[in-house]
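Remember, it's 1-based here, ligands and their atoms both numbered in the order they're listed.
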Amino acid sequence: MALTKSSVALLAFHTLSVFAGDSCTIDSFNATLDGRVQPLKPLSLPCFSSYNGNSRAPDQSACNAIQRDYSDAFLRANSANGFMYNQIEECASDPRNQCLLDYTNPFNTQALESCHQGNVPSFSLEIKKAEDAMEAFKFSRCSGTPLSIKSSGHDLLGRSSGRGSLNLWTRNLRSLQYTPNFIPAGCDAGASSEYRAVTVGGGVNLDEAYRFAHDHNVTFVGGYAPTVSVGGGWAQAGGHSILSPVYGLGIDRALEYKVITPDGQYRIANECQHQDLFWALRGGGGGTFGLVLESTHKVEPRVSFVSAVVEFPLQSDSRNVLPFLDILVNNSVKWAHEGWGGHFRANSLINITPLLSLSEAKDSLAELAAYVRSQGGTVAIEEFADWLGFYERYVIPNAVEIGDTHFPNTRLVPKAVFETAEGRKNLMDFFARQVSQGGVVYVQEEGPLLYRDVKPTSATPAWREAVWAVTADGFWAWNSTLEERKQSVSQMNEMTELMEAITPGSGTYGAEGNPFTKNWQEAWWGRENYDQLLEIKAKYDPDRLLNCWKCVGWEESEAQDSCFASFE
Ligand SMILES: Cc1cc2nc3c(=O)[nH]c(=O)nc-3n(C[C@H](O)[C@H](O)[C@H](O)COP(=O)(O)OP(=O)(O)OC[C@H]3O[C@@H](n4cnc5c(N)ncnc54)[C@H](O)[C@@H]3O)c2cc1C
Ligand SMILES: *[C@@H]1O[C@H](CO)[C@@H](O)[C@H](O)[C@H]1NC(C)=O
Ligand SMILES: *[C@@H]1O[C@H](CO)[C@@H](O)[C@H](O)[C@H]1NC(C)=O
Ligand SMILES: *[C@@H]1O[C@H](CO)[C@@H](O)[C@H](O)[C@H]1NC(C)=O
Ligand SMILES: *[C@@H]1O[C@H](CO)[C@@H](O)[C@H](O)[C@H]1NC(C)=O
């Protein structure tokens, strides 16, 4: 193993404990870690007078703070017991087994009957150094305690928590480093490429990466959310950006991961060493191949671009929505080739392109702009000198609401679908059905169509053909019954099947897929990638210490012991 300077620092106090015989208990583990293993309790517990069936005294001032900031993503991302959505922290199959406030009104006292642990892990260990993860893997192996890893708690499939688990919390690994001429460790300096790169600790979020890159006059190509963690689920599962059409996905831009694999080893994975692990980490998904302490990502010289922000008032019967969507369907491939990326909804769109000038952008969108204006809407086409200005103006205020139960349900739409009349009609029928059912129209236009520097990654190859990801989200109320939850899942499954039918042979971004997708291995990776991922999993995690919902190596039979048991 080639040690770099920083890996030597991480290993400076590398003396692992030996758990003797029957001392493999949480107490002995806690003692080894100087008492840093903490019991984990639900975020909203201070508001309740009963916990797991025992009465307790509420803490009114702590409760008020949680009520006030209940939908604040930063509060949750910065708390060991903070998860963005209810499905991550409640036990979805058992509606009484949860500890939630009413997100529509966190001051609603009707919610405050009883607090149960739900899907919240039993214990939390804040990861400060490599040895913490090594000890945790060792403890899990000898005690059988399941593990989970959480950076920000955004995982929409609930994979950063887990009932009964020891949670390894990486959020406070917050180092940031800029290297204008990065050479992956172990690569031959003369022979290999140098990269302009930013190296981040395993807890650094996009907001921090954007500001840091800005301070160094470079652009970090990242997602549409301040608190999503860079080197956690984002850059391990796929990592789309509204700049992806031109600059590729997070997995395309990752250069190196420093990771503790479950076999207890500190490893550096990049194009020159542990290439199999490097490939697996670029698309195989978080929480599967090891705990990432640090990751390095290619950045661009400062990117300037043109943005288009359009919105129009809905007619009462949404009559003016389908003509808008028709224009988008007909023009999407042309726009993708002009570098446009972004999102649109039934009556709004925010897109950017680094490839067109202001006047070219106006020409490109003329038909769309004319329609929007004819509906009494607004069109703003502007230039931005850098990403941070756009991010502060449009991304932060448009952050997706959190604190509710919200399942993504996305599907990649390949270029070919737009190229036949039948394909376009299928898409319009899909939108028509969504609109008539009162569903949310939300499309990500982020396929990495123009990105040419593609190295093999383990995510579904469907990304390389994709122009859009369409979505058909599922929701349920904080106080819904099991029947209502099942109903919502079955509607979502119906929409998944419909999306699959109109995008034959395509795939799904696993991190934003319907958790109840049947052929998930095929959808998220493709069979060939999946089989290879399984082999790599067996090599680095032979005892399957890391296991999560529909992650590589997960078995269907494991559903029955999970909080999603009722929905499979
Ligand atoms: C509001 C919102 C907006 C989003 N926007 C985008 C977007 O614009 N682009 C995009 O591509 N995706 C987006 N996503 C999806 C997001 O990328 C995934 O949910 C991703 O899994 C989040 O990763 P995380 O590490 O922040 O979350 P977590 O919930 O902390 O972790 C996610 C997964 O990674 C694992 N993990 C986390 N940290 C580590 C680590 N250090 N080492 C090993 N495993 C780890 C966890 O175990 C879990 O399996 C969005 C999600 C939400 C909720
Ligand atoms: C670990 O030890 C510390 C310090 O004694 C204690 O506060 C904490 O509750 C212990 N953790 C567990 C899980 O018992
Ligand atoms: C920032 O980067 C841009 C694009 O590479 C360059 O034109 C500009 O001179 C740089 N500014 C500074 C202050 O270095
Ligand atoms: C989109 O293309 C179809 C043909 O496939 C055509 O019938 C329709 O009028 C076009 N829509 C718009 C708004 O141009
Ligand atoms: C659920 O909570 C909402 C308020 O968020 C309330 O209007 C509704 O009556 C509650 N439903 C049940 C079944 O208690």
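Aromatic rings of Phe344 and Trp468 (six-membered ring for Trp) have centroids within the 6.0 Å cut-off, being under it. Remark: aromatic rings of His216 and Phe212 are close, center separation under 6.0 Å. Annotation: Phe516 is in aromatic contact with Phe564 [ring centroid separation under 6.0 Å]. Aromatic pair Trp476/Phe407: ring centres closer than 6.0 Å.
In this structure, Arg141 forms no cation-pi arrangement with Phe137, as its terminal cationic atom is not both closer than 6.0 Å to the ring centre and no more than 45° off the ring axis.
Residue-ligand proximity: Gly290 is placed with a non-hydrogen atom under 4.0 Å from ligand 1. At least one heavy atom of Gly153 sits less than 4.0 Å from an atom of ligand 1. Residue Phe289 places no heavy atom under 4.0 Å from ligand 1. Ligand 1 is approached by Gly239 to a heavy-atom distance shorter than 4.0 Å. At least one heavy atom of Gln236 sits closer than 4.0 Å to an atom of ligand 1.
Residue-ligand proximity, Gly202 to ligand 1, at heavy-atom distances under 4.0 Å covers atoms 41 (N). Those atoms of ligand 1 that come under 4.0 Å of a heavy atom in Lys150, given as number and element, are 30 (O). Near Arg159, the atoms of ligand 1 lying under 4.0 angstrom from a non-hydrogen atom of the residue are 47 (O), 48 (C), 49 (O). Annotation for ligand 1: atoms under 4.0 Å from non-hydrogen atoms of Ser151 are 25 (O), 30 (O), 37 (C), 38 (N). Ligand-side atoms of ligand 1 in range of His240: 7 (C), 8 (O), 9 (N), 10 (C), 11 (O), 12 (N), range being under 4.0 angstrom from any heavy atom.
Trp234 and Phe220 have tilted rings, their planes meeting at an angle from 30° to 60° on a 0 to 90° scale.
Side-chain contact of Ser152 with Ser229: a donor-acceptor pair under 3.5 Å is absent, judged by distance alone. Side chain to side chain, Asn398 and Tyr224 fail the donor-acceptor criterion of an N or O pair below 3.5 Å. In this model, a donor atom of one side chain and an acceptor atom of the other lie less than 3.5 Å apart for Asp207 and Tyr391.
Here the protein heavy atom with the shortest distance to atom 1 (C) of ligand 1 is Tyr85 OH, 3.6 Å. Of the protein's non-hydrogen atoms, the one nearest atom 22 (C) of ligand 1 is His154 CB, 3.8 Å. For atom 8 (O) of ligand 1, the closest non-hydrogen atom of the protein is Tyr224 N, 2.7 Å.
Residue contacts with ligand 1, taken as heavy atom pairs separated by less than 4.0 Å, do not involve Met84 at all. Looking at Ala225 against ligand 1, only its side chain comes within 4.0 Å, counting heavy atoms. Looking at Thr170 against ligand 1, only its side chain comes within 4.0 Å, counting heavy atoms. Within the 4.0 Å heavy-atom criterion, the part of Tyr509 lying near ligand 1 is the side chain and not the backbone.
The shortest N or O to N or O distance between Thr227 and ligand 1 is not under 3.5 Å.
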Quiz prompt | Intermediate values then yes/no, side-chain contact (heavy atoms from CB on, under 4.5 Å), Asn81 and Trp169 | solution = CA-CA 9 Å; Asn81 58 357; Trp169 188 39; over 6 Å; no
Self-check item: Residues Glu392, Arg211; criterion salt bridge (Lys or Arg N to Asp or Glu O under 4.0 Å); working and verdict
Solution: CA-CA 10 Å; Glu392 291 186 327; Arg211 293 177 194 284; 2.7 Å; yes
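Salt-bridge check for Glu113 with Arg96: failed, with every basic side-chain N at 4.0 Å or more from each acidic carboxylate O. Taking a cutoff of 4.0 Å between a charged side-chain nitrogen and a carboxylate oxygen, Glu89 and Lys150 do not qualify as a salt bridge. A salt bridge is defined here as a Lys NZ or Arg NE, NH1 or NH2 lying under 4.0 Å from an Asp or Glu carboxylate O, and Arg544 with Glu558 meets this definition.
Lys41 is linked by a salt bridge (Lys or Arg N to Asp or Glu O under 4.0 Å) to nothing, counting only residues two or more places apart in sequence or in another chain.
Contacts of ligand 5 (protein heavy-atom distance under 4.0 Å) are Asp102, Thr104, Gln110, Trp478, Asn479.
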